[in-house]
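Below: the structure, in structure tokens.
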Number of protein chains: 2
Amino acid sequence: MANIKDIAKQAGVSISTVSYALNGSPKVTAETSARILAIAKELQYTPNAAARNLKKQETKVIGVFLSDFNGAFYGELLQGMKEGLKQSGYDLVACSGKQSHRLLPQRMIDGAIVLDESFSSEELLKYADLGHKLVVLDRDLNHPNVNQVLLDNKAGARLAVEYLIELGHRKLYVVTGPKGSFDSRQRLQAVKQVLSRHPHIQYIEMEGDFTKASGALAGLQIAQHFSEPAAVFCLNDEMAIGMYEYLTTTNIRVGRDISLIGFDNIEISQYTQPRLATIDYSKQKWGWLSSEQLLKLIAGEYVEHERIYVTLIKGDSVGAALSSHFTEPF
Amino acid sequence: MANIKDIAKQAGVSISTVSYALNGSPKVTAETSARILAIAKELQYTPNAAARNLKKQETKVIGVFLSDFNGAFYGELLQGMKEGLKQSGYDLVACSGKQSHRLLPQRMIDGAIVLDESFSSEELLKYADLGHKLVVLDRDLNHPNVNQVLLDNKAGARLAVEYLIELGHRKLYVVTGPKGSFDSRQRLQAVKQVLSRHPHIQYIEMEGDFTKASGALAGLQIAQHFSEPAAVFCLNDEMAIGMYEYLTTTNIRVGRDISLIGFDNIEISQYTQPRLATIDYSKQKWGWLSSEQLLKLIAGEYVEHERIYVTLIKGDSVGAALSSHFTEPF
DNA sequence: TTGTACGCGTTATCAT
DNA sequence: ATGATAACGCGTACAA
């Protein structure tokens with residue numbers, strides 16, 4: 001593997017001349033430069049990143065820490081991040097697992113975007129204190145070196161619950177995410193806020209973990225005690241899909257007996273019959289904005305926290321509560 | 001950010017002593033070592049990867065090049081790779097896009113696993129010639145620095161087609177993947193091999209591109225000209241699911257009018273009603289084996305190409321051709 | 001154009 | 001037996 005020294009030898013010049021030529025500096029004559037470039041190509045020269053990183057104190061790589069690589073969910077997000085890095089000269093690498101955290105403190109990456117609940121906030125703060133630049137998508141973390149790009153979870157949950165209430169539903173199941181989840185906590189908080197203004201609503205909370213399986217399980221429990229039409233708000237689509245799939249194996253009809261709404265608008269949600277009502281937001285934009293914010297942080301620019309807005313997507317998985325229920329005596 | 005020099009100053013020793021202590025060398029007394037370690041922790045010392053990589057000529061990071069981050073497909077694969085790297089001291093980073101190819105020649109990674117048709121074989125061979133270690137999952141590439149871990153595509157396609165033929169089907173649609181796809185080519189070749197032994201089978205080839213949308217489109221075309229029960233082999237599940245979803249909106253019933261089989265056994269496939277017949281293989285094992293092979297290549301060990309075996313998963317999306325068709329005169 | 005110091009950790013060599 | 005000195009890996013950038 002040829003290095004800058006080999007080229008210098010071949011060209012009969014000093015290594016600094018080679019470096020200048022390779023970097024397009026005007027300090028080298030066009031002919032010398034051309035000769036050097038030709039030799040570099042011939043020797044298949046590629047700069048050694050370690051040496052360059054060492055000198056420049058930067059790698060031009062940013063990392064994304066994900067809790068896992070599953071779900072069509074991440075695809076769009078990462079795609080958006082790449083979009084935000086286009087022509088910035090930065091590359092993106094995705095990592096998962098505690099092992100790879102070392103990339104940050106060891107400075108193999110110039111900054112990181114974090115979407116991994118299992119990455120503790122203490123650890124993140126430690127890195128931020130050491131000067132590392134971070135963008136977090138899944139927690140509230142205030143530090144000059146940390147920027148937040150968060151979903152407007154509360155607005156989303158409000159939209160969902162109010163939609164159900166408007167349609168006349170008076171019995172609401174909510175299937176939560178895992179205990180540690182920031183998104184789940186925020187969504188649940190908003191649900192409770194809305195419900196505090198509607199004390200007549202019967203509210204049943206069920207614990208899930210954002211997986212399809214936990215949604216199916218919740219569906220099973222609801223089906224077992226089914227007595228009257230009800231609304232179900234699964235705090236993410238994954239669980240809503242799990243419940244939907246379970247319910248199709250029963251007599252309970254989604255959209256008639258159970259009004260089901262999710263959160264995230266993942267790809268499958270538009271394919272269910274009837275279509276799953278859900279809360280939508282642009283994953284592309286989320287990713288794009290995150291990487292952009294990180295670049296600014298790295299550049300030392302001032303950045304304010306960003307918020308990703310959400311919208312309600314109506315779907316026939318949610319039906320109107322039958323008016324008979326209103327007229328029935330309690 | 002503290003470096004080894006700062007620690008040496010604090011401890012009143014030389015930097016080499018610090019280095020020895022940090023690396024657990026027996027050349028330093030236990031007390032000195034303990035003192036140094038304490039100071040290192042206090043100063044929150046973390047080695048600079050660039051400096052270490054420069055000296056050691058390795059990064060202990062391997063890269064995976066993917067064509068995109070979509071599809072639940074990659075999750076298990078990457079999970080498997082991580083498994084194969086456990087306790088090897090290596091970390092895994094996933095990349096996508098031509099931009100990030102630089103990580104390999106610039107030696108930011110010690111080797112790479114490639115599952116990206118858009119990464120040209122010429123480029124890969126160039127890197128291999130330069131001494132970089134590669135494992136390819138999506139092409140036939142022979143080079144001492146390249147190892148192949150390929151699916152047994154041909155066996156899978158044979159299983160699928162023979163299954164359909166055994167059930168009496170005499171009309172077969174095959175929906176292919178994109179032209180450049182190695183997997184698609186291999187599967188198609190095997191299909192034709194089997195069919196050459198069954199000249200009486202009516203064979204219709206349709207071009208797809210491995211996306212759900214292209215499967216749906218193929219389904220539309222089949223539905224428009226539907227006249228008699230037929231079998232369809234979509235060369236991946238993604239397309240089969242797309243077709244399945246489209247067909248549910250028509251009068252054509254999967255498993256009765258159209259016998260549908262896919263390839264990959266992705267997660268959704270087990271949830272369709274009726275269950276999608278498909279070809280299964282362990283994505284975990286594929287990933288695990290790939291990373292293991294790469295580690296061996298990097299270690300300079302001799303490795304032979306590996307093959308991932310496949311099995312047939314029967315499902316009610318495939319039904320027996322009605323015997324009436326046999327007794328009918330031609 | 002060129003010489004050279006620098007970034008930082010590793011390790012062989014030399015001195016105590 | 002301990003520990004210090006210095007060379008090394010490679011590219012960058014300033015001074016000469």
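To find a chain, count down the sequence lines: A is the first, B the second, and so on, and within it residues start at 1.
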Aromatic contact between Tyr74(B) and Phe69(A), with the criterion being ring centroids under 6.0 Å apart: yes or no?
no

Least distance between heavy atoms, Val146(B) atom then Ala128(B) atom:
CG2-CB, 3.7 Å

Set of side-chain hydrogen bond (donor to acceptor under 3.5 Å, both in side chains) partners for Ser118(B), sequence neighbours left out
Asp116(B)

Atom-to-atom span, CG of Leu54(B) to P of dC8(D) - whole angstrom:
13 Å

Do Tyr281(B) and Asp264(B) come within less than 4.5 Å of each other through their side chains, counting heavy atoms only?
yes

Trp288(A) meets the ring pair (Phe, Tyr, Trp, His ring centres under 6.0 Å) criterion, sequence neighbours left out, with none

Applying side-chain hydrogen bond (donor to acceptor under 3.5 Å, both in side chains), name anything that partners Ser181(B), two or more places apart in sequence or on another chain.
none

Rounded (10°) bend between the five-pair end axes of the helix from dT1(C)-dA16(D) to dT16(C)-dA1(D):
60°

Taking every non-hydrogen atom, the tightest pair across Gln284(B) and Gln79(B)
NE2-CG, 3.9 Å

Find which nucleotide of DNA chain D each of Pro26(B) and Ala50(B) is nearest to by heavy atoms, and output the residue with the more 5' nucleotide.
Pro26(B)

For Lys285(A), give me all partners under salt bridge (charged side-chain N to carboxylate O under 4.0 Å, His left out), at least two apart in sequence or on another chain.
none

Within the structure shown, what part of the strands sits under 4.0 Å from Val18(A) by heavy-atom distance: base, sugar-phosphate, or nothing?
nothing

Could you list by number each residue of residues 29-41 of chain A showing a heavy-atom separation from DNA chain C of less than 4.0 Å, or answer none if no residue does?
Thr29(A), Thr32(A)

Which part of the nucleic acid does Val28(B) contact within heavy-atom distance under 4.0 Å: base, sugar-phosphate only, or nothing?
sugar-phosphate

Is the shortest side-chain heavy-atom distance between His132(B) and Arg107(B) below 4.5 Å?
yes

Under 4.0 Å protein heavy-atom contact, by nucleotide of nucleotides 11-16 of chain D - B base, S sugar-phosphate only
BBBBB-

List the residues meeting side chain to side chain contact (heavy atoms under 4.5 Å, CB included) with Lys56(B), not counting sequence neighbours, and say none if there are none.
Arg52(B), Glu58(B)

Under the rule for side-chain hydrogen bond (donor to acceptor under 3.5 Å, both in side chains), what residues qualify as partners of Thr59(A), not counting sequence neighbours?
Asp110(A)

Span of DNA chain C engaged by chain A, first through last nucleotide within the 4.0 Å heavy-atom cut-off, is dT1(C) to dC8(C)

Residues passing the side-chain hydrogen bond (donor to acceptor under 3.5 Å, both in side chains) test with Glu292(B), sequence neighbours excluded, are none

If you look only at pairs with a residue in residues 77-105 of chain A, which of them pass as a salt bridge (Lys or Arg N to Asp or Glu O under 4.0 Å), with sequence neighbours excluded?
Glu83(A)-Lys86(A), Asp91(A)-Arg102(B), Lys98(A)-Glu123(A), Arg102(A)-Asp91(B)

